[in-house]
K.L.:
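Quick one: the structure is below, and I'll ask about it shortly.
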Amino acid sequence: MSSEHRPKQAEAAARFRALHDERPLVLANAWDVGSARIIERAGAQAVATTSAGVSWSQGRADGERLTADDSVALARRLTRAVAVPVTVDIESGYGDEAPAQVASMVSRLVGVGVAGINLEDSGSEGAPLIELERHQQRLRAARAAAAASGSDLFINARIDTYLFAVGGVDDRFEETVKRAVAYCEAGADGIFVPGVTDAETIAALIAAIDAPLNIMVGPGTPAIDQLAALGVARISVGPAIALAALAATERAARELLGEGGYEQLRSGLPFGETNSFFAEVEASA
């Protein structure tokens with residue numbers, strides 16, 4: 001990381017870490033510069049990416065099909081486009097799952113100003129989850145790489161036991177807590193458990209895990225004020241906003257190509273205002 005870039009990354013990382021104490025931190029996940037700018041304008045205190053949305057925007061399916069280069073290139077554009085901290089979903093690390101690959105990704109992302117990452121324990125070799133001790137090694141490598149860069153980084157360890165319904169319900173809870181404790185010991189700052197939707201389980205996880213808990217929300221999950229009352233530290237939506245944007249595109253296209261109508265186009269943002277977002281990004285590059 002260049003000397004002139006280091007203070008910006010350090011400031012962003014410190015701010016992002018502090019946001020987890022100003023609970024709950026609500027993240028509306030972005031997938032490109034335009035969505036990130038809109039989310040920032042809506043009042044977001046930080047911008048998080050959705051790996052699914054990012055992958056789709058580049059013509060790839062979700063699930064480790066994005067390349068490390070693509071992920072870093074987008075991260076660079078985002079940190080230059082918004083004034084708030086940026087945290088990046090790097091899935092399982094975009095590589096061979098080895099600790100060295102994770103360390104390389106972290107070094108590159110810190111170098112472009114990223115304040116945080118999500119690193120998941122889903123496997124890409126047939127097993128639903130990476131073996132616990134192996135993922136600990138990956139997290140230690142991520143923490144060491146950030147330290148070696150002379151920077152801080154908020155590492156959010158994603159546990160996919162609930163998302164992929166690993167084991168029975170009781171075993172799933174115990175495995176989640178076991179992994180959360182191990183991951184925090186290995187250097188994780190927060191724990192992300194997507195797939196949990198009921199208040200009772202969320203409350204039990206908060207009680208059992210001594211780290212900020214991130215929950216993915218949407219229709220069917222408790223409201224944000226309820227999650228805040230439970231003690232949830234971080235709330236995100238994954239690909240939901242990207243899916244809503246694609247649905248709006250489909251509605252407008254079907255109306256235009258079908259009945260020849262324009263009603264769906266009435267809800268669009270003003271052209272001049274939207275274009276100015278990108279003019280500002282271009283000017284600051």
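Hydrogens, waters and symmetry mates play no part in the numbers below; they use all other heavy atoms, side chains included. Every value quoted in this text rests on a predicted model; they were computed, and no experiment measured them. Quick note: residue numbers are just sequence positions, from 1.
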K.L.:
Establish whether L66 and L246 are linked, either directly or via other cluster members, by ILVMFWY side-chain heavy-atom contacts under 4.5 Å.
P.N.:
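Cluster IDs for L66 and L246 differ.
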K.L.:
Tell me whether Q264 contacts the main-chain N or O of E255 through its side chain, where contact means a donor paired with an acceptor under 3.5 Å.
P.N.:
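Side chain of Q264 to backbone of E255, a donor-acceptor pair under 3.5 Å: no, none is there.
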K.L.:
Taking only residues two or more places apart in sequence or in another chain, which ones pass side-chain hydrogen bond (donor to acceptor under 3.5 Å, both in side chains) with N275?
P.N.:
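If we apply the side-chain hydrogen bond (donor to acceptor under 3.5 Å, both in side chains) test to N275, skipping adjacent residues, there are no hits.
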K.L.:
Between T87 and N156, do the side chains contain a donor N or O and an acceptor N or O under 3.5 Å apart?
P.N.:
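Side chains of N156 and T87: no pair found under 3.5 Å.
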K.L.:
Report yes if the side chains of V193 and L205 come closer than 4.5 Å at any heavy-atom pair, otherwise no.
P.N.:
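With C-beta onward as the side chain, the pair touches.
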K.L.:
Enumerate the side chain to side chain donor-acceptor pair (under 3.5 Å) contacts for residues 19-29, please, sequence neighbours excluded, ordered by first and then second residue.
P.N.:
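Sorted pair list: R15-E22, H20-R234.
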K.L.:
Donor-acceptor pair, distance only, cut-off 3.5 Å: does the side chain of T79 make one with the backbone of A75?
P.N.:
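Checking the backbone N and O of A75 against the side chain of T79, a donor-acceptor pair under 3.5 Å is found.
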K.L.:
So among V106, I155, V102, which one has a side chain to side chain contact (heavy atoms under 4.5 Å, CB included) with R143?
P.N.:
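Exactly one pass, corresponding to I155.
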K.L.:
Using atom types as modelled, flag every donor-acceptor pair under 3.5 Å from a side chain in residues 163-173 to any protein atom, sequence neighbours excluded.
P.N.:
residue: R172; atom: NE; partner: V166; partner atom: O; Å: 3.2
residue: R172; atom: NH2; partner: G167; partner atom: O; Å: 2.5

K.L.:
Donor-acceptor check, side chain of K178 to backbone of L132, threshold 3.5 angstrom: yes or no?
P.N.:
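No, the answer is negative, given that no donor and acceptor are paired below the 3.5 Å cut-off.
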K.L.:
Could you tell me if S92 and E64 have a donor-acceptor pair between their side chains, going purely by distance under 3.5 Å?
P.N.:
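No - no donor-acceptor pair under 3.5 Å links their side chains.
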K.L.:
Within the 3.5 Å criterion, strictly below it, is a donor on T161 or T176 matched to an acceptor on the partner's side chain?
P.N.:
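A pair is found: one side chain offers a donor N or O, the other an acceptor, under 3.5 Å apart.
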K.L.:
Heavy atoms only: give me the nearest A145-A103 pair and the separation to one decimal.
P.N.:
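Closest approach of A145 to A103, heavy atoms only: CB-O, 3.5 Å.
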K.L.:
I'd like to check D62 versus S51 (side-chain heavy atoms, cut-off strictly below 4.5 Å). Are they in contact?
P.N.:
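Yes - at least one pair of side-chain heavy atoms lies under 4.5 Å apart.
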K.L.:
Does anything in residues 192-211 form a side chain to side chain donor-acceptor pair (under 3.5 Å)? List the pairs, not counting sequence neighbours.
P.N.:
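Only D198-T201 qualify under side chain to side chain donor-acceptor pair (under 3.5 Å).
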K.L.:
Could you check whether any side-chain heavy atom of S35 comes within less than 4.5 Å of a side-chain heavy atom of I241, counting everything from C-beta outward?
P.N.:
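They are not in side-chain contact.
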K.L.:
Exactly one of T50, I117, N118 should register a side chain to side chain contact (heavy atoms under 4.5 Å, CB included) with D89. Which one does?
P.N.:
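With D89 as partner, side chain to side chain contact (heavy atoms under 4.5 Å, CB included) holds for just one option, N118.
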K.L.:
Tell me if a side-chain donor or acceptor on R65 pairs with a main-chain N or O of R60 at a distance below 3.5 Å.
P.N.:
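A pair under 3.5 Å: no.
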K.L.:
Please determine whether side chain to side chain contact (heavy atoms under 4.5 Å, CB included) holds for the pair M216 and V237, giving the CA-CA distance in whole Å, both sets of side-chain angles, and the decisive distance to 0.1 Å.
P.N.:
CA-CA 5 Å; M216 187 167 68; V237 296; 5.6 Å; no
K.L.:
I'd like to check the salt bridge (Lys or Arg N to Asp or Glu O under 4.0 Å) partners of E120; sequence neighbours left out, ordered by chain and number.
P.N.:
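E120: salt bridge (Lys or Arg N to Asp or Glu O under 4.0 Å) contacts with R158.
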K.L.:
Apply the hydrophobic cluster definition, ILVMFWY joined by side-chain contacts under 4.5 Å directly or through others, and give me every member besides L265.
P.N.:
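Members other than L265 - counting any ILVMFWY side chain reachable under 4.5 Å - are L256, Y262.
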K.L.:
When clusters are formed from ILVMFWY side-chain contacts under 4.5 Å, directly or step by step, what else is grouped with F154?
P.N.:
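Listed partners: F16, L19, L25, L27.
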K.L.:
If you link ILVMFWY side chains whenever their heavy atoms are less than 4.5 Å apart, which other residues fall into the same cluster as F271? By chain and number, please.
P.N.:
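Its cluster mates, by chain and number: none.
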K.L.:
Please tell me whether V217 and V26 are part of a single hydrophobic cluster in this structure, the criterion being side-chain heavy atoms less than 4.5 Å apart.
P.N.:
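Yes: a chain of side-chain contacts under 4.5 Å links V217 to V26.
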K.L.:
Return each pair, listed once, that meets side chain to side chain donor-acceptor pair (under 3.5 Å) where at least one residue sits in residues 106-117; pairs must be two or more places apart or across chains.
P.N.:
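Residue pairs passing side chain to side chain donor-acceptor pair (under 3.5 Å), neighbours aside: D69-R108.
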K.L.:
What I'd like to find out is whether the side chain of V86 reaches to under 4.5 Å of the side chain of V88, using heavy atoms alone.
P.N.:
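Yes, their side chains come closer than 4.5 Å.
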K.L.:
Only counting residues at least two apart or in another chain, list the ones meeting side chain to side chain contact (heavy atoms under 4.5 Å, CB included) with L74.
P.N.:
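With neighbours one apart ignored, the set is V54, R77, L78.
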K.L.:
With A228, which residues qualify under side chain to side chain contact (heavy atoms under 4.5 Å, CB included), at least two apart?
P.N.:
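For A228 the side chain to side chain contact (heavy atoms under 4.5 Å, CB included) partners, ignoring immediate neighbours, are P24.
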K.L.:
I would like to know whether S122 and I130 meet side chain to side chain contact (heavy atoms under 4.5 Å, CB included); could you show each step before the answer?
P.N.:
CA-CA 6 Å; S122 293; I130 296 172; over 6 Å; no
K.L.:
Among all residues two or more places apart in sequence or in another chain, which pass the salt bridge (Lys or Arg N to Asp or Glu O under 4.0 Å) test with D121?
P.N.:
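D121 satisfies salt bridge (Lys or Arg N to Asp or Glu O under 4.0 Å) with R179 once adjacent residues are dropped.
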K.L.:
Between the side chain of S151 and the main-chain N/O of A147, is any donor-acceptor distance below 3.5 Å?
P.N.:
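Checked: no pair found.
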K.L.:
Would you check if R80 and V33 make a side-chain contact, meaning some heavy-atom pair closer than 4.5 Å?
P.N.:
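No; the side chains remain at least 4.5 Å from each other.
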K.L.:
When you look at W56 and L243, which way does the side chain to side chain contact (heavy atoms under 4.5 Å, CB included) test go after all the steps?
P.N.:
CA-CA 10 Å; W56 299 335; L243 288 167; 3.6 Å; yes
